[in-house]
Q: 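One structure, as structure tokens, below. Some questions next.
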Amino acid sequence: MQAVETTALIEATGLSISFNGSTVLSDVDFGVAAGEVHALVGENGAGKSSLMKMLGGLYTPDRGTIRVRGVPARLAGAKDAIDAGIALIHQELNLVDTLSVVDNIFLGKEIRTRFGFPDRAAMRASARRALDQLGFHAHPDTLVGTLRVGEKQLVEIAKSLVADARVLIMDEPTSALSDTETHALLGLVRRLRERGMGIVLISHRLSEIFEVADRVTVLRDGRRISTLRTAQIESSTALVSMMIGKDFAPPERDADAAPRSRNTVVDVSNLTLRAPARTMVREVSFSVFEGEVFGLSGLLGAGKTELLEAIFGTSAYALEGAVAVSGHRRPFRSPSEAAAAGLAFVTEDRKKDGLMLDHSLEANLLLPSLPRVPGFPFYRRGRLRAWAAERARASRVKHRSLAQPARTLSGGNQQKLIIGKWLMTRPRILLLDEPTRGVDVAAKAEIYRQILEAASSGVTVIVASSEIDELMLLCDRILVLCEGQAKGILPRGEFSADVLIRLASP
Ligand SMILES: Nc1ncnc2c1ncn2[C@@H]1O[C@H](COP(=O)(O)OP(=O)(O)O)[C@@H](O)[C@H]1O
Ligand SMILES: [Mg+2]
């Protein structure tokens, strides 16, 4: 492990805060040194964001002190924090879509000429320098609204470089990023650390933490449970156990649960999917048996999503070869045809096609099932409600009322809701694409439980994931893809992370 400088950039002690009489953080110590990445972990609601908002000047602690480079600081507002060299990048980014990159970077702190006019040339040049350091080559006049999430993240970081931040706090920066973008961001975090910045990283993806963090602080129910050097932590299971306060044992597919039936329900043979400029999937063949949990493994861009889309009949690519699903010899022509044949598809992008965020949990749960309710459209309201309530309970969606909008749930609970609503349609075949991306560990375990319960009741599951550990817990067999080609199918008895990684690597 590399040596960590000990210059404390921030040293907070005894921080406490409550809202409307309920304690959110009590007596928490936290610090970050120059040249250090300090990760902050904990379940949803543990108080991570609130702690960071105190360091970012947005919340005023009820008790406790914050020292910045040894000097007690009063941070009453974001501006005080920025002046003290602390930049906080929020979970929900804080940029104005209708302004350009440079205008976002200098919002509220324009460089002015000596006549008092905004000095656009100076701002553009300074923005350009910051963006170049980050390896981001967009023009400073680009509208922020046209950028992808990963790029917006870089604009936020550029903003903190321009403001001369010594401490960079990132609240779940990678939860909306693809694997490639995440990889790039973690590389950038390392470079900023080398330059002596202190970085606080909040993330639910423990693999990232083991990859870049020097120290880890665990919060649970508003208390600091522990601060450890990453090298001292035995395993990710040990870390999760600290987060949830009890031994963590995620549910796992029982080796005996694999189906004995050799009824093929999905049969893909010699499938090739072509885009105008490249081949997404090339001559892939496999069969999935009834009641099986079948995994699709591979790096980003390996063709996992494209295969699922081809099975569900929503592929945008020219298809050669054959896809037969539950006896249908032709690919489905629409999602409703697929749904009528007993398929459900939980897509990767839950923001886009997962939920109606402003509608109630009840509406979200019932919508896909309504056409299949006996007697539709003459059904009894009360029965439907009871049915939705039962599903919300079974899927362990933490909620106050079925009438609350889906938007008010945490990410993990939104994802449980999405899977729950598809299970309500009583699918015969469940397709899942990255079912636990951005979800905290406890919610992850519950999603695994739901998937495995469905499988043991006879549902055939095909799950695509970039997390090898997840596939090894869930699946009976795993197909490994690399650049659109099948590299092998491993049965449960032969699972090994090394082999899976090797097969997935070009
Ligand atoms: N401004 C606020 N008003 C009331 N409650 C809040 C406020 N900010 C946070 N909380 C509460 O504090 C608790 C911790 O939230 P948060 O810090 O966002 O946790 P985390 O980031 O670990 O998920 C939650 O119960 C949340 O509802
Ligand atoms: Mg948070």
Side-chain angles (χ1 to χ4, degrees), residues 10 12 14-30 32 38-64 66 75-78 81 86-94 149 153 156 168-177 185 199-206 208-209 213 216-227 239-245 248 350-351 396-401 404-417 436-446:
I10 299 186
L15 293 184
S16 300
I17 193 168
S18 47
F19 295 104
N20 320 315
S22 74
T23 306
V24 164
L25 286 165
S26 61
D27 199 19
V28 172
D29 297 346
F30 188 85
V32 60
H38 192 158
L40 182 61
V41 300
E43 287 191 79
N44 285 326
K48 304 179 295 296
S49 295
S50 301
L51 178 59
M52 292 306 117
K53 284 178 184 166
M54 291 197 278
L55 302 182
L58 301 177
Y59 288 171
T60 309
D62 299 338
R63 277 190 308 283
I66 299 174
L75 305 174
I86 304 169
L88 169 58
I89 301 183
H90 288 266
Q91 207 163 339
E92 47 299 311
L93 298 176
N94 226 347
V149 194
Q153 202 76 251
E156 287 272 18
L168 181 61
I169 301 172
M170 294 194 268
D171 196 345
E172 297 194 28
T174 59
S175 58
L177 300 189
L185 185 72
I199 293 159
V200 182
L201 176 68
I202 300 182
S203 175
H204 288 304
R205 296 193 193 170
L206 301 186
E208 279 169 29
I209 286 167
V216 180
T217 286
V218 180
L219 282 186
R220 184 169 80 230
D221 296 333
R223 292 175 185 277
R224 185 177 65 93
I225 300 301
S226 185
T227 299
L239 186 56
V240 174
S241 300
M242 282 190 267
M243 288 160 59
I244 63 179
F248 176 65
R350 69 165 175 258
K351 283 245 159 60
R396 307 210 193 148
V397 176
K398 277 188 201 135
H399 64 293
R400 292 185 312 278
S401 139
Q404 88 190 75
R407 186 184 294 290
T408 58
L409 297 179
S410 69
N413 283 299
Q414 289 184 1
Q415 186 70 352
K416 287 187 239 169
L417 186 72
T436 66
R437 172 169 287 168
V439 159
D440 81 28
V441 279
K444 232 178 194 174
E446 285 175 6

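Remember, it's 1-based here, ligands and their atoms both numbered in the order they're listed. It should be emphasised that the depicted structure is a prediction, and the values quoted were computed from it without experimental measurement. In this chain, numbering begins with 1 at the start of the sequence shown.
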Q: So which protein N/O/S atoms does the Mg ion (ligand 2) have within less than 2.8 Å?
A: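 As for protein N, O or S atoms lying under 2.8 Å from the Mg ion (ligand 2), they are Ser49 OG, Gln91 OE1.
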Q: Looking at Gly14, is its backbone amide N or carbonyl O close enough to the side chain of Arg63 to form a donor-acceptor pair, meaning the two atoms are under 3.5 Å apart?
A: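 Absent.
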Q: In Å and rounded to the nearest 0.5 Å, what is the CG to CG distance from Asp27 to Leu15?
A: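 Asp27 atom CG to Leu15 atom CG measures 9.0 Å (nearest 0.5 Å).
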Q: At their closest point, which heavy atom of Glu43 faces which heavy atom of Ala442, and how far apart are they?
A: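 Result for this residue pair: OE1-CB, 3.1 Å.
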Q: Taking Gly412's backbone N and O only, do any of them form a donor-acceptor pair with Lys444's side chain (distance below 3.5 Å, no angle check)?
A: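 Absent.
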Q: So which residues, sorted by chain and number, lie with a heavy atom under 4.0 Å of ligand 1?
A: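 Under the 4.0 Å cut-off, ligand 1 touches Phe19, Val24, Glu43, Asn44, Gly45, Ala46, Gly47, Lys48, Ser49, Ser50, Tyr59.
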Q: Between Gln153 and Pro173 (side chain of the first, backbone of the second, donor and acceptor by atom type, cut-off under 3.5 Å), is there such a pair?
A: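 Yes; at least one donor-acceptor contact below 3.5 Å.
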Q: Under 3.5 Å, is there a donor-acceptor pair between the side chain of Asp171 and the main chain of Ile89?
A: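 Flag not set: sc Asp171 to bb Ile89 has no pair under 3.5 Å.
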Q: Are the side chain of Lys48 and the backbone N or O of Gly42 linked by a donor-acceptor pair below 3.5 Å?
A: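 Such a contact is found between Lys48 side chain and Gly42 backbone.
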Q: Does either side chain, that of Thr227 or that of Thr217, offer a donor lying less than 3.5 Å from an acceptor on the other one?
A: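 Thr217 and Thr227 do have a side-chain donor-acceptor pair below 3.5 Å.
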Q: Look only at the side chain of Ser241 and the backbone of Phe248, and say whether a donor-acceptor pair between them is shorter than 3.5 Å.
A: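 Yes; at least one donor-acceptor contact below 3.5 Å.
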